[in-house]
Amino acid sequence: MKDIKRNITIKLFSIYGFIVLALLSVIIKIMVIQTQDPDTWKGDMMSSKVDTIRAFRGDIYDCEGRLLATSIPSYTVHWDMTVKNLYSGRELYAKYIDSLSICMSDFFKDKTPQEYRKFFDSARQNERLKRYYPIKNNLTFSQKVTLKTFPIMREARNTSGVIFQAQYRRHLPHKSLARRTIGFVGSSRVGLEGAYDAQLHGRNGKKLMIKLPSSEYYPISYDDEIEPVDGSDVISTLDVNIQDIAEQSLLKQLQRCDAKYGCAVVMEVKTGKIRAMANLNAKIDTATGKILGYVEGENHAVGTLMEPGSTFKLPSLIAVLEKTNGEITDSINLGDGELIINDHIIRDDHPLQGYRSIREIFEKSSNVGMAKLVFETFKSDSRDFINRLYYMHLKEKTGIDIHGEGEPQIRHPKDKLWWVGSLAAIAYGYEVRLTPLQILTFYNAIANNGVMLKPHLMEAIRTRNGKKTISSPEILHSSICGKGTLQKVQQLLIGVVESGTAVNLKTPNYTIAGKTGTAQIAQGKTGYKTESGYARHSASFVGYFPAEKPKYSCIVVINSPSKYSYYGGVVAGPVFREIADKLYSKDYELTIGKEFNLLNYENKTQIPHSKSGRKEVLDRLFSAFNIQAENVKDSQTPFVYTSKGNNGIRLDAFSMRKGVMPDVKGMGLRDALYILRNKKLKVTVVGRGEVKKQSIAPGTTVSEGTKVTIELG
């Protein structure tokens, strides 16, 4: 019995002794860990997380391959000063740190070499940050490339400890041009960026990060990364040149009229491709109420519903002609030029009286005439009129491929707000709300022989390996009306410009077909009048050209013009005409075999503006346009300066003295680059157009390799 107790006691003491020894070993291990180099325990003891490696966002291009939006990288540089390869073997740090300090000082010019050496040495002593010490932020790609050539930094990451990390910001090379249509992705998805975010975004990667004592996270190893898949490129239907024409033409008229906002859309008739979409909004001084300028803002073309006014007379007339199978030569008695419905009087600004043909009613845009036509045709069955409008796809969205399209509103006899006068009001574009794009889509169908196409802004999606997915025209309606009716209204749209409310747009070079629109803007509780008793108007013109073989359709809307006029033909029409003129003159397919007078504007100047440049090219240009030139004498260079003289363009000698900065202001980019690069200067270009500014003043002494920036406008 005693032996058994003794054995049990020995076993218990052995167990207790083992436990005590184990506890002592744990305590000793903890003390060792607390005092030893963290390199031996960082992987086990530090917290970690999986971080996202953002994929490179795809670019957006116009239809000719010109860049509209891209991601520009900026780089941060950190240095892991604990990498053992810096101090063992080749002794990189001791051997090259002075050279690196000199290179950094020469390149950034923000510290002396001695200050950089002190900066790097102090980084090694910083216990909190030395594993991930910040060196530089917001470096450009070219700066990063240069840094990678410096001593130590040129070595591999595991050898040098230098870490370059990229962040990307979206850049628009053409600045504000089509900014709203190009769009952005944030709290809301706007424009092409929003509509095709999934394709542009790509697929993000992953990397493992550990938390340092400084609370910053540090990438453990690039071997642990899941590589991101870069986004695809979006090739849009936009054309930079057409977009620029539309924006500049619209801007001039908005400034002239002091309007609240304006939009212009250009569409290709046979495809539904949108070549330009301009939206300019007034920037107003809240203190004075004055307009400070115009900026790309809300996309009114796609999202803003408005009462179209007289541009809606086209679908109204189509409904009448389809119902009655009538002719545009048929007449209707307008009496004394007024129509009274339940004490509501409809009048025209320039009333037509007596018997008038449908052609004249439409071309002169008579509200009374159109209201009477629709009222007399459909008064016994108003639903038939509305259903015919619905059949023409006017109650449905176009389905354009960017977000934010407004829902069309056409009052129906079942609606609570329907009254006996609704039939007449809808006939000339009231009690109806459509977006400018929806109106244009309808007129484009008329130009396209009745086939209504879905408007779209994406031409193709291109993956990084070059594979393309190309969009095709999508038909919304194969025939919005009968062929006979279509031919009749096509004649009327030409007549509007030839002898109607848009006769001011008539040009001998080609034929425009379209319709003017002038509508009062509803003000809410005060009806169509402001609290001060004034009415605000929306002026529009929509149509297509050339009428015989349409290539482009276009709509222009100008909201609340406060100067000059408010009629669609006078306010919006000239913008349409200027866009059409410039597109017609630039399009070889349209002008082949025809003469076109570029100077056929009412506000033309006899002596046009000319860029400076090569004399040989300018001579050919002046000869082609029959412009007189006062030739320079004894010019020693092939280049000349241009200015307006008394009887023509004055040409002056261009100075090309060796070692002296020339004056390239007023030149096009090609000539300016040729001259500056011929002097072996390093040139940075900002903007587009002709040279407006140069960073080095003319006459300044310069040497080869001098950096100069030229700003175009």
Side-chain angles (χ1 to χ4, degrees), residues 55-71 170-174 177-186 188-203 229-244 246-247 263-279 296 299-303 396-406 435-438 440-441 444-445 448 451-476 551-555:
F56 185 85
R57 190 172 182 83
D59 297 329
I60 301 177
Y61 295 87
D62 86 337
C63 62
E64 296 294 333
R66 289 166 291 218
L67 199 59
L68 296 178
T70 188
S71 294
R170 210 59 173 161
H171 174 66
L172 305 180
H174 298 281
L177 193 74
R179 174 175 286 176
R180 188 73 183 192
T181 308
I182 296 169
F184 54 85
V185 176
S188 58
R189 297 186 174 190
V190 175
L192 289 164
E193 293 273 19
Y196 295 98
D197 182 49
Q199 292 85 348
L200 289 163
H201 184 273
R203 188 171 68 246
V229 177
D230 290 341
S232 300
D233 296 332
V234 171
I235 301 171
S236 75
T237 62
L238 295 174
D239 184 306
V240 163
N241 290 331
I242 300 177
Q243 179 74 29
D244 188 45
E247 283 196 19
C263 63
V265 183
V266 179
M267 187 188 297
E268 203 170 71
V269 169
K270 297 298 181 183
T271 64
K273 295 176 181 179
I274 294 175
R275 295 306 188 193
M277 182 178 286
N279 292 277
E296 270 273 341
N299 194 330
H300 297 287
V302 172
E396 300 175 45
K397 293 182 179 181
T398 66
I400 186 172
D401 47 345
I402 59 176
H403 305 303
E405 183 177 7
T435 69
L437 181 65
Q438 289 159 1
L440 175 62
T441 301
N444 192 80
N448 197 30
V451 180
M452 181 178 283
L453 298 174
K454 177 182 176 179
H456 61 285
L457 281 159
M458 187 276 285
E459 192 156 294
I461 302 291
R462 181 176 60 205
T463 61
R464 289 294 169 176
N465 61 14
K467 184 179 178 181
K468 276 187 180 182
T469 303
I470 300 174
S471 67
S472 301
E474 184 177 334
I475 296 175
L476 298 177
K551 182 168 184 179
Y552 297 109
S553 61
C554 177
I555 187 169

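Below, all heavy atoms of this structure are taken into account, side chains as well, without hydrogens, waters or symmetry copies.
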Between [X] (side chain only) and [Y] (backbone N and O only), is there a donor and an acceptor less than 3.5 Å apart?
{"X": "N279", "Y": "H300", "value": "yes"}
{"X": "D401", "Y": "L457", "value": "yes"}
{"X": "S232", "Y": "G58", "value": "no"}

Would you check if [X] and [Y] make a side-chain contact, meaning some heavy-atom pair closer than 4.5 Å?
{"X": "E405", "Y": "T398", "value": "yes"}
{"X": "V265", "Y": "C554", "value": "no"}
{"X": "T441", "Y": "N444", "value": "no"}
{"X": "E193", "Y": "R170", "value": "yes"}
{"X": "Q243", "Y": "H174", "value": "no"}
{"X": "I60", "Y": "Y196", "value": "no"}
{"X": "K468", "Y": "I235", "value": "yes"}
{"X": "Y61", "Y": "V234", "value": "no"}

Residue pair [X] / [Y], side-chain donor-acceptor N/O under 3.5 Å:
{"X": "S236", "Y": "E459", "result": "no"}
{"X": "E396", "Y": "Q438", "result": "no"}
{"X": "R57", "Y": "S71", "result": "no"}

Do the side chains of [X] and [Y] get close enough for a salt bridge, i.e. N-O under 4.0 angstrom?
{"X": "D239", "Y": "R66", "result": "yes"}
{"X": "K454", "Y": "E474", "result": "yes"}
{"X": "R275", "Y": "E268", "result": "yes"}
{"X": "R464", "Y": "D233", "result": "yes"}

Check: Where do V266 and I274 land on the side chain to side chain contact (heavy atoms under 4.5 Å, CB included) test, with the steps shown first?
Finding: CA-CA 6 Å; V266 179; I274 294 175; over 6 Å; no
Check: Out of curiosity, L177 CG to I182 CD1, how far, rounded to the nearest 0.5 Å?
Finding: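 So the CG of L177 and the CD1 of I182 are separated by 7.0 Å.
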